Amino acid sequence: MTMDKTFNAAEAEERLYRAWEEAGAFEAGANARDGAESFSIMIPPPNVTGSLHMGHAFNNTLQDILVRWHRMRGHDTLWQPGQDHAGIATQMVVERQLAEKGKRRTDFSREEFLKKVWAWKTQSGGTIINQLKRLGASCDWSRNAFTMSGAPGAPAGEDGNFHDAVIKVFVEMYHKGQIYRGKRLVNWDPHFETAISDLEVENVEVPGHMWHFKYPLAGGETYTYVERDEDGAVVLEEERDYISIATTRPETMLGDGAVAVSHEDARYAPLVGKLCEIPVGPKAHRRLIPIITDDYPDPDFGSGAVKITGAHDFNDYEVAKRGNIPMYRLMDTRAQMRSDGAPYAEAAARAQEIAEGADFTIEEVDSLNLIPDHLRGLDRFAAREQVVAEITAEGLAMMTRPDDPRLGSAAQKSAAPEEGGEVIVEDLVPLIEAKPLMQPFGDRSKVVIEPMLTDQWFVDTSQIVQPALDAVRTGEVTILPEADRKVYFHWLENIEPWCISRQLWWGHQIPVWYDEDGTQYCATSEAEARALAGDKTLTRDPDVLDTWFSSGLWPIGTLGWPEDTEDLRRYFPTSVLITGFDIIFFWVARMMMMQYAIVGQKPFSHVYVHALVRDEKGKKMSKSLGNVLDPLDLIDEYGADAVRFTLTAMAAMGRDLKLSKDRIAGYRNFTTKLWNAARFAEMNEAVGSTRAIPTPDATVNKWIIGETAKTRVDVDAALENFRFNDAANTLYSFVWGTVCDWYVEFSKPLLMDGDDATKAETQATMAWVIDQCLILLHPIMPFVTEELWGTLADRQKMIVHADWPDYGTQMIDADADREMNWVIALIDQIRSARAQMHVPAGLHVPLLVTDLGPAGRTTFANNEAMIRRLARIEGLTQVDGFPKGCVTVTVEGGSFGLPLAGIIDVDEEKARLEKTLGKLEKELGGLRGRLNNPKFVESAPEDVVEDTRENLALREEEEKKLRAALQRLAELG
RNA sequence: GGGUGAUUAGCUCAGUGGUAGAGCGCUUCGUUCACAUCGAAGAUGUCGGAGGUUCAAAUCCUUCAUCACCCACCA
């Protein structure tokens, strides 16, 4: 049988993966030794809507390396796969499909809609599984989990415990007082009409505008406004009948409950406790609001006076809570100005009573619609234009931008300096936009988030955060790299209540029922709630839970909790979590809190946080930039092994990796190199399935066994410490640089011209070495190694279950090591000299030697065939002195000459030797300088001093020989 | 505003106290029977600047500069 010249990845990968699956190679516990320790990893569940992107490829390659490594080591290994139901993202996909048919979600009942989502999930949810398989991920697919398995309405085949686990956790935490419902200001997404958490919004700065408006004082009252500079000198003093308010959101003026100034702001001190008028709305019903003090206003910013709109701004919300200021909600769920409730006049009248001190409740205030009738139903941005235009027309706008198209001609007039337009400004105004949603519809919704006062469910994180902090502080859970510990601590130490309710349909519906009076009944089922409620009519809370609430239970939920399962005992707590830095808060921190809160144990022992995959220019890959590299395309082009190896080799801890196709091509070449080394072995019958470590006589064979042992030790140490790139680079240089460049070349004369015994032991050694390469590479490059493993010999087991070696550095033969290093140095020197002297490749010349001692002579003789072949020389000739026109090379213990008179240029040789000498002298200078420094000899460790001395002696010897060679050249010239 | 990281060969990056490295690219040579997705040889660095600690600094400390990211953001 003849092997092809290259590995056909496209053909082999699917076949090999199928073979693994058919053999049950990835099942939990496969290849485990009796009584073996367990090793378990939970996959970060990709969104069920997702398709494999570079981040997944990176993340799962690293997991697969660890999993395959542990499995080969005979550990009881589990890689738990699964998908996340991804509330918003999934609902969005299905809603878009409906939109194409001109339908909306609300055209269907909740049950009908959910049926469609499930149908979509059943049909398309497996996409990412197949893509992970293409990458070679060795998950136990028989256990594939889903964060909504077992939910009501789930079709056949979607059964499981996850829903029950989620509900049980909610109920338990509710009854412990760790979950509560309350009216709070939350980030509201007006497009999806749901609350989202702080983590799901992104602050972006866009050019905006800050308006300054006059709020007239009640009853036409006036005061003296005095502004001073830093030294207290008066810079402005004038009578005013208004207070100036700056805002970026004029439309929210309709909901102002007060104006706040700093306690220390002398300018406004006379006004505190008085009323001012909101300069918007029908003149007959303008509302008056109190001027109060609070710590929040900064006297140096804007006018120093802040309007307080508790229902639509996070800072105002805090002020309003402190000062018992009513919070008037202005918009509906789509962020359009409210059109519900009583007419404006009625609401405004009631608001006026409240402003003047009447008692009120949050609910009552929330029911008041303070939108003037002509603005009702307008989009918030249209309302803003309208409000600005109206105020401006009244002459109450102080500063504005004359060219602002939203303002119209009235604005331009009012901005004229003579009419009190003080300064023309354009500020950067922070807006809050929705974060990018998940794949495949990755573009952000672009909708501007509206802070909205709504009833939501919260986890009181302050009650459950402590164990999550302690675990990392004490080292019970380790986080790598170190820098990410700080990120983790910082967030948890400043944690806010976690809003877990979402106004969606797709998700775990909150297990709380209300009776007519609004009393809550939290229970695991409606029957249970009914039992609590007696004969009252119950309605269930329509909200669903934040996706991260359920994925926070991923470790225990996938292992069968709340049942006390065998799996939990075997695989929990899990060993390692491998994840991207972008979900430390979303997921890692929450899993920590939740697992401790529910089962009182850590979810995992180690967290390895990896960085982002960027494009070759260092840009984040994004659809809008068009710089996305699709891992599946790359796998098609270069093979999964090359893609995996590239990601592994670039996985330096804590640093983003810039991916380029050149790099992948380079590692594809590496698979070809490995393939051809194996092909060479096969052609020379250096193959076999023996597992015993060979015990050869030939030095070169002893040497390569020691090199292999070093490599195994280094690879294990690297993987033990999550230094994936070290593992990859160690293997790369061993396979290419040591095995292919040297050992295979050394073996050729032995295999072709050696005696039978030498040939046989070399075949055996090479077979073993190649097998070791395959085994050690298998976790990183599973496909090509499995293919070669099967091609080279009949095996008892596939390589996926091959025994990971445990031999160590005791296999290094120090004499063999020294000898081969000498041989390699000699060959290097001769090659280098030949190349620089332009000696034709075809010319083999004798190697002359004057001063090689008996030991060197033996070493040379032992390896003569190899040296002759690789350095292209004829035999060794003892001479009394080198003839004229001889190229000289020096190695430890001797100098050699290549008689090339008439072929080489004497001047070139002289230049070459002088260059070598120059480098040598620089080095000698350094060495001598150090040894002449008494402090160095005193302070440096003994072995360092000793090494330096030895090195100096060697270099001095070399220097002598080089000088002699130069001397001969001089005589010649 | 707070925090974290980065700055090393033309490019992308390893390298946490002891003689500056890899891959890619570049130059020269090579059709020897594993591999041209290859081989051999070669050039290229005041390790961001400035101080300091040390016998010894790319590495530790201070400071500055530039870049990146994260968090919180003044109405």
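Keep in mind the model is a prediction, meaning the values are calculated, not measured.
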Legend entry - Closest nucleotide among B:rA40, B:rC38, B:rC33 to the A:Asp741 side chain: B:rA40

Inset, instruction - May I ask you to verify whether the side chain of A:Lys673 and the base of B:rC35 hold a donor-acceptor pair under 3.5 Å? - result: yes

Inset, instruction - Mind telling me whether A:Tyr732 and A:Tyr667 have parallel, tilted or perpendicular rings, with 30° and 60° as the class edges? - result: perpendicular

Inset, instruction - Select base, sugar-phosphate, or nothing to describe what A:Asp828 touches, counting heavy atoms under 4.0 Å on all strands. - result: sugar-phosphate

Inset, instruction - Tell me whether the OP1 or OP2 atom of B:rG15 has a side-chain N or O from A:Arg723 closer than 4.0 Å. - result: yes

Inset, instruction - Verify the contact: side-chain N or O of A:Lys748 to OP1 or OP2 of B:rA34, cut-off strictly under 4.0 Å; return yes or no. - result: yes

Inset, instruction - Give A:Gln829 one of three labels, base, sugar-phosphate or nothing, depending on what nucleic acid heavy atoms sit under 4.0 Å from its own. - result: nothing

Inset, instruction - Remember a base hit wins even if backbone is also touched, and classify A:Gly304 as base, sugar-phosphate or nothing at under 4.0 Å, heavy atoms. - result: base

Inset, instruction - Ignoring the backbone of A:Gln836, work out which of B:rA14, B:rG42, B:rU19 is nearest its side chain. - result: B:rG42

Legend entry - Residue A:Ala940, side-chain atoms from C-beta onward, closest of B:rC55, B:rA34, B:rU4: B:rC55

Inset, instruction - Pick base, sugar-phosphate or nothing for A:Pro840, based on heavy-atom distances below 4.0 Å to the nucleic acid. - result: nothing

Legend entry - Short side-chain N/O contact from A:Ser660 to OP1 or OP2 of B:rC24, under 4.0 Å: no

Inset, instruction - Please check the phosphate of B:rG39 (OP1 and OP2 only) for any side-chain N or O of A:Trp742 closer than 4.0 Å. - result: no

Inset, instruction - Considering just the side-chain nitrogens and oxygens of A:Asn669, establish if one lies under 4.0 Å of OP1 or OP2 belonging to B:rC38. - result: yes

Inset, instruction - Name the orientation class of the two ring planes belonging to A:Tyr608 and A:His610 (parallel below 30°, tilted from 30 to 60°, perpendicular beyond 60°). - result: tilted

